[in-house]
K.L.:
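Attaching a single structure in structure tokens format; questions to follow.
From a predicted model like this one, the values you see are computed outputs, not experimental measurements.
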Amino acid sequence: MLTVTTTHIKQGWHRRNGLPSSDEITLTEHFIRHGDHLTHVTVVQDPIYLSEPLVKSQDFVLNTNLLQATALLYPCEYVDEAPGRPQGAVPAYDPGNNPFLHEFADRWHIPLEAALGGAETMYPEYRLKLKSK
């Protein structure tokens, strides 16, 4: 197993769904090989935005077919993910003025507190806490 720890990462996002990350995160990666299988495990600790470590894993299988492997070197194509928005424009809202704050909670008919509450809100016991309010 090869372990890599990275600090001093610029502020960004953990996922494209908007989960932010601070510039205080620590990223620990573990690369584990078992024969032709490689497992990549990431553990992110962020004291600002995460109430517990965010753990993700990916599994890879060695491809010994050179022709098939080279065909996948460039599998991506460009997609305009924000059509109609001028290049460089980044929407931003002052605290308390985000018109989309309730969007997720309203769509799924859940309390706003549950949508914004952090790790404790994913456990079944959290429903009891909501009912007691």
Side-chain angles (χ1 to χ4, degrees):
M1 176 168 63
L2 170 66
T3 298
V4 178
T5 302
T6 307
T7 60
H8 297 82
I9 300 173
K10 290 183 179 181
Q11 184 274 334
W13 292 266
H14 296 288
R15 302 184 68 153
R16 288 177 58 186
N17 69 0
L19 177 62
S21 66
S22 73
D23 60 356
E24 296 182 27
I25 71 169
T26 298
L27 168 65
T28 304
E29 299 176 278
H30 302 285
F31 298 88
I32 308 154
R33 185 167 181 184
H34 299 279
D36 288 347
H37 293 265
L38 177 69
T39 301
H40 176 227
V41 179
T42 62
V43 180
V44 176
Q45 296 186 20
D46 187 340
I48 304 300
Y49 290 109
L50 298 176
S51 56
E52 62 183 33
L54 175 63
V55 180
K56 295 191 263 183
S57 66
Q58 297 174 294
D59 292 308
F60 301 92
V61 178
L62 179 64
N63 183 353
T64 57
N65 182 342
L66 184 59
L67 289 176
Q68 186 179 12
T70 56
L72 298 176
L73 284 177
Y74 304 99
C76 301
E77 61 184 61
Y78 169 79
V79 176
D80 185 0
E81 295 183 1
R85 185 175 295 152
Q87 184 169 346
V90 177
Y93 304 99
D94 290 331
N97 293 324
N98 184 343
F100 304 107
L101 186 64
H102 295 264
E103 185 176 44
F104 179 83
D106 293 346
R107 178 178 182 187
W108 298 105
H109 309 290
I110 60 175
L112 181 63
E113 177 186 340
L116 302 177
E120 77 167 324
T121 63
M122 75 177 174
Y123 297 107
E125 296 82 16
Y126 187 72
R127 288 183 177 192
L128 298 174
K129 183 176 179 181
L130 286 174
K131 287 181 182 179
S132 68
K133 288 188 172 192

K.L.:
Is there a path from L27 to L2 through hydrophobic residues (I, L, V, M, F, W, Y) whose side chains come within less than 4.5 Å of each other?
P.N.:
no
K.L.:
Apply side chain to side chain contact (heavy atoms under 4.5 Å, CB included) to the pair L116 and F104, showing each step before the final yes or no.
P.N.:
CA-CA 10 Å; L116 302 177; F104 179 83; over 6 Å; no
K.L.:
Tell me every residue that passes salt bridge (Lys or Arg N to Asp or Glu O under 4.0 Å) with E113, counting only those two or more places apart in sequence or in another chain.
P.N.:
K133
K.L.:
Show the numbers, then the answer: is there a side chain to side chain contact (heavy atoms under 4.5 Å, CB included) between Y49 and I25?
P.N.:
CA-CA 9 Å; Y49 290 109; I25 71 169; over 6 Å; no
K.L.:
Sub-3.5 Å donor-acceptor pair from the side chain of R127 to the main-chain atoms of K129, do we have one?
P.N.:
no
K.L.:
So, D46 side chain and S22 main chain: donor-acceptor pair closer than 3.5 Å or not?
P.N.:
yes
K.L.:
Could you name each residue pair satisfying side-chain hydrogen bond (donor to acceptor under 3.5 Å, both in side chains) that touches residues 85-99, not counting sequence neighbours?
P.N.:
none
K.L.:
Treat each ILVMFWY residue as a node, draw an edge where side-chain heavy atoms are under 4.5 Å apart, and state whether I110 and L128 are in one component.
P.N.:
no
K.L.:
Do you know the tightest heavy-atom contact between L62 and R33?
P.N.:
CD2-NH2, 4.0 Å
K.L.:
As an exercise, state the distance from NE2 of H37 to OG1 of T39, rounded to the nearest 0.5 Å.
P.N.:
8.5 Å
K.L.:
Can D23 and K10 be said to form a side chain to side chain contact (heavy atoms under 4.5 Å, CB included), step by step?
P.N.:
CA-CA 5 Å; D23 60 356; K10 290 183 179 181; 5.9 Å; no
K.L.:
Shared ILVMFWY cluster between V44 and V41, side chains joined below 4.5 angstrom?
P.N.:
no
K.L.:
Tell me the closest heavy-atom pair linking L112 and A105, and the distance in Å.
P.N.:
CA-CB, 3.9 Å
K.L.:
Evaluate the side chain to side chain contact (heavy atoms under 4.5 Å, CB included) criterion for residues H34 and I32: first the C-alpha distance (whole Å), next the side-chain angles of each, then the deciding distance (0.1 Å), finally the verdict.
P.N.:
CA-CA 7 Å; H34 299 279; I32 308 154; 3.2 Å; yes
K.L.:
How many angstroms lie between atom OG1 of T5 and atom CD of E29, to the nearest 0.5 angstrom?
P.N.:
9.0 Å
K.L.:
Counting only N and O atoms by type, is there a donor-acceptor contact under 3.5 Å from the side chain of T26 to the main-chain atoms of Q45?
P.N.:
no
K.L.:
A side-chain contact here means heavy atoms from C-beta on lying under 4.5 Å apart; do I9 and S21 qualify?
P.N.:
no
K.L.:
For Y126, check ring-ring contact (aromatic ring centres under 6.0 Å, His included) against everything at least two apart and list the hits.
P.N.:
none
K.L.:
Test H40 against every option in H30, K56, Q58 by the side chain to side chain donor-acceptor pair (under 3.5 Å) rule and name the one that passes.
P.N.:
Q58
